[in-house]
Amino acid sequence: MRYFIKPSIFALTTIGASLAFSSNVQANVEHLPCPMGSTGPTSSGICNLGVLPDSISAYYSSAAQAVSADGTTVVGDAMNDGNTRAFRWRNDGAGLLDLGTLKADNSGESFATEVSADGSTIIGRAQADDNNFRAYRWVDDGSGMLDLGSLRTDNRGSSEAVDVSADGSIIVGSAKNDDDRDRAFRWINDGKGMLDLGTLKANNTGNSIANAVSSDGSTIVGRAQVDVGSHAFRWRDDGKGMLDLGTLKADGSGSSDAKDVSANGGVIVGHSDSDMGEERAFRWTDDGKGMLDLGTLRADGSGASWATGVSADGSTIIGRADTSIKAVRRAFRWTDDGVGMIDLGSFRTDNLGSSLANAISADGGTIVGQAQNNFNENRAFRWIDDGNGMLDLGTLRTDNSGYSNATGVSADGSVIVGNAVNDRGEYRAFIWRTKMQDFGNLLVSFPSLTNDSEIAVSQQQSVADQLMGSSCSAEEGQKCLSIDGVVTNAGATAEDIGSRNSTGGQVTLGYGVDGKTTVGGTLNISATSLSNSGFDLGANTAASVWAEYSATGLAGTGLQADAAFGKGRASGKVTRGRDLENVMLAAGNASLETFFAQVSLGYGVQIKDWLITPVGTLAYYDTSRSAYTETGSDFNAEYDRLSMKRTTATLEFIGERRVSERGTLFLGAGVEHDLKADRVALRGTSDLPGVETFDIESALNRHQTRGFATVGYSHELGDNQTLSGSLRTGQNTFGNSAQTSVNLSYGIRF
């Protein structure tokens, strides 16, 4: 196997083989470079996302506000020629992308507040031509920001988008109406603009603010004015308007505010006035019991608390609460297990510091925010329930001193974003990850994909075999039609080759030219499933034209000959890194095409009740995979076009015998041999250190010679119609498992 890599040389002999590499690359195993489009990491592991590429000063600041649930997209704000601009950062090497503004000349300021779960939709507020800030929606389609408008009749006035559903389809926030009041809105892409959610006042006047929307988009929460004060609300698209969630006061007076909601809208959290005269964190569920007071971190249960977030499943709530230490408030975690609030602590050794929880992972297992250390510096933290307390994520300073703050976390808790100070005293957006990629497995991912490519090529060529073996016979001036269903299966093997399954159907149509020769064509559509493979291709479509000759026509004795050629194509996603621990998946879209041609000669001899026909076949395949570029990982690659040619010779003996008035038995056995078979060689470039250029040949063991056997039965239905079935099994090209095909066919001559 070849594995040419510059500037370092690696020796790999098989998948999972040991790796030999130079010491300069060995150092990268402990501290891998930061994601593309960032710098670092620092000694604490955080990576600097930098500033906008066209900033007039390298001293401008940036700050991350949120990260998508899948951890691929970071949004926030950064300075650009003196203005603050919303940015998007993705792991594509492009750095921060300026999202622009709503002004015609793209001047002014903008801010990003949230991003959808898959990173496709970004929301916030941006200046418009009238200098008002307006809610916007940004998607990566080249059209720039979409102005969501306001609730004024003339569509002027200000608005702000604060949250978005998981799929990006529903956006919520607040906007000015004709009375210059702030009103909660919901926006969906239906051309109708914003929907005013109203208030809790009897005459529907006053103010309201939407703070969050559930991931499924069903539930919006916030606060709205009541006749006296303002209350937390829940709004659903059920025609009932806002639901007043009340307060924690026995008489229902006072104020409350709903800050967050679980993924399905079932759990709402926030804070409310209480009978003790303090604001208290609450949890609300639709069980008729009203708000639940979550308490505080004081031993006597007094003091104030505020809930700021809830996990996707509603099981875990975060926020901030008073402690028994005077003037000290700390981050808390609350779960419905009878324990109540848990004090997440701080970084001070005397435990007198303050802390704040900003975000929580989907399962509630990871909490991020900031906490004071012994130098009274606020530092970004990560907390998981491992008994070790908070983890200090550090800063971007060389001596690891100064300020940092964690503002967002991915759904699985593996990606954390925020902002931190650097050596020059500027603030920079950062990304920190719990999962550093395994360098050895990263290297293995390339030859593993090479082997997957070899399997995918072989599977498509087996579909070509089905077409080249399909024809029908007709007498002079007669037509023939065959409709086939084919299922092919090959089991998994110990060589890391998963099971291979193909299910398809094909239609063959022929025309009898002179009683001896039939010409026609075949169309095949099939779906292939490759387990343990990086290839996830869609439907394979293939077509062929063919001609067959029989010296005695339908009798089948004497010289037999046929020829066919055609082409098949499938396209879909190719993923590198599957089934490798601590490797981020990198994927791209590619197509796989095979041109094929075949000629065969045989001679039918009647020996008693059997028609015996030895057949020799020569087949040619030319398969190519398109060039493509992958994305999604810290280290991505560009792949050159792949081409593999194969020529095979097959010798088969076919026996045919009548077993009833209408039934015919078919038996066959043969051997196929590769006269010449190119091996798949993966070539291209990557940004993985030491693997800037690669040329990797498949290491799979190929069976050059393969035996097979076939049994089939055909039953005449009358009126030149037949129904037949066959079973073929034989040695697979790769792996030790057999490949078995079942074919059912209906044929008619007319």
Side-chain angles (χ1 to χ4, degrees), residues 44-46 66-67 69-71 215 259-264 266-270 281-283 285 292-299 301 305-325 328-373 378-394 404-418 431-436 581-582:
S44 60
I46 68 174
V67 61
D70 61 9
S215 295
K259 290 294 188 181
D260 201 10
V261 58
S262 61
N264 67 358
V267 178
I268 299 170
V269 302
F282 74 77
R283 172 178 178 259
T285 58
L292 174 67
D293 186 341
L294 301 187
T296 73
L297 293 171
R298 286 186 177 176
S305 59
W306 300 264
T308 56
V310 61
S311 60
D313 62 4
S315 65
T316 308
I317 300 169
I318 60 169
R320 196 180 195 193
D322 286 341
T323 67
S324 297
I325 306 167
V328 172
R329 289 170 174 165
R330 288 230 275 262
F332 74 75
R333 172 180 178 256
W334 185 96
T335 55
D336 190 15
D337 55 6
V339 176
M341 285 188 180
I342 296 177
D343 186 346
L344 300 190
S346 73
F347 290 126
R348 284 186 57 156
T349 52
D350 59 11
N351 204 30
L352 297 180
S354 298
S355 57
L356 174 66
N358 290 324
I360 183 171
S361 61
D363 64 358
T366 303
I367 300 169
V368 302
Q370 65 175 191
Q372 283 183 321
N373 65 10
N378 285 318
R379 303 288 286 249
F381 76 77
R382 168 182 173 257
W383 186 95
I384 58 175
D385 192 13
D386 61 358
N388 294 323
M390 292 178 170
L391 174 67
D392 188 341
L393 301 188
S404 60
N405 185 25
T407 56
V409 60
S410 62
D412 65 358
S414 66
V415 178
I416 298 169
V417 300
I431 187 170
W432 185 95
R433 295 174 303 166
T434 63
K435 297 178 181 177
M436 295 298 284
E581 189 173 354
N582 292 330

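The first residue of the sequence shown is numbered 1, and numbering continues consecutively from there.
Expressed to the nearest 0.5 Å, how far OG1 of Thr335 lies from CD1 of Ile342 amounts to 5.5 Å. Taking CD1 from Ile318 and CH2 from Trp306, the interatomic distance works out to 15.0 Å, rounded to the nearest 0.5 Å. Interatomic distance, Ser346 OG to Asp392 CG, rounded to the nearest 0.5 Å: 11.0 Å. One distance of note links CD1 of Ile367 with CD1 of Ile360; it measures 5.0 Å at 0.5 Å rounding.
Annotation for Gly394 and Arg379: closest pair CA-NH2, 3.4 Å, computed over non-hydrogen atoms. Of all non-hydrogen atoms in Ala359 and Gly408, the two that sit nearest each other are CB-CA, 4.0 Å. Taking each heavy atom of Leu297 and Met341 in turn, the nearest pair found is CD2-CB, 3.7 Å. Considering all non-hydrogen atoms of both residues, Leu352 and Ile325 come closest at CD2-CD1, 3.7 Å. Contact between Ala69 and Ser410 at its shortest, heavy atoms only, is O-CB, 3.6 Å. Scanning both residues, Ala380 and Ala406, for their nearest heavy atoms gives CB-N, 3.4 Å.
Asp322 meets the side chain to side chain donor-acceptor pair (under 3.5 Å) test with Arg329; sequence neighbours excluded. By the side chain to side chain donor-acceptor pair (under 3.5 Å) test, Ser361 pairs with Asp363, sequence neighbours left out. Checked against side-chain contact (heavy atoms from CB on, under 4.5 Å), Val67 has the following partners two or more places apart in sequence or in another chain: Val74, Val415, Val417. With sequence neighbours excluded, no residue satisfies salt bridge (Lys or Arg N to Asp or Glu O under 4.0 Å) with Asp313. The side chain to side chain donor-acceptor pair (under 3.5 Å) test applied to Asp385 returns no partner, not counting sequence neighbours. With sequence neighbours left out, the side-chain contact (heavy atoms from CB on, under 4.5 Å) criterion links Ala331 to Leu344, Ser355, Ala357, Phe381. Among residues two or more places apart in sequence or in another chain, the salt bridge (Lys or Arg N to Asp or Glu O under 4.0 Å) test is passed with Arg320 by none. Partners of Asn405 by side chain to side chain donor-acceptor pair (under 3.5 Å), not counting sequence neighbours, listed by chain and number: Asn358, Gln370. For the salt bridge (Lys or Arg N to Asp or Glu O under 4.0 Å) test, no residue two or more places apart in sequence or in another chain qualifies with Asp386.
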Would you check, one step at a time, whether the test side chain to side chain contact (heavy atoms under 4.5 Å, CB included) holds for Asn373 with Met390? CA-CA 11 Å; Asn373 65 10; Met390 292 178 170; over 6 Å; no
For Trp334 and Leu292, run side chain to side chain contact (heavy atoms under 4.5 Å, CB included): C-alpha distance rounded to whole Å, both residues' side-chain angles, the deciding distance at 0.1 Å, then the answer. CA-CA 12 Å; Trp334 185 96; Leu292 174 67; 3.9 Å; yes
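Inter-residue side-chain proximity for Leu391 and Trp432 is flagged as met; some heavy-atom pair is nearer than 4.5 Å.
Checked options Val269, Asp260, Thr308; the residue passing with Ile317 is Val269 (criterion: side-chain contact (heavy atoms from CB on, under 4.5 Å)).
A distance-only check finds a donor-acceptor pair linking the side chain of Arg298 to the backbone of Thr323 [under 3.5 Å].
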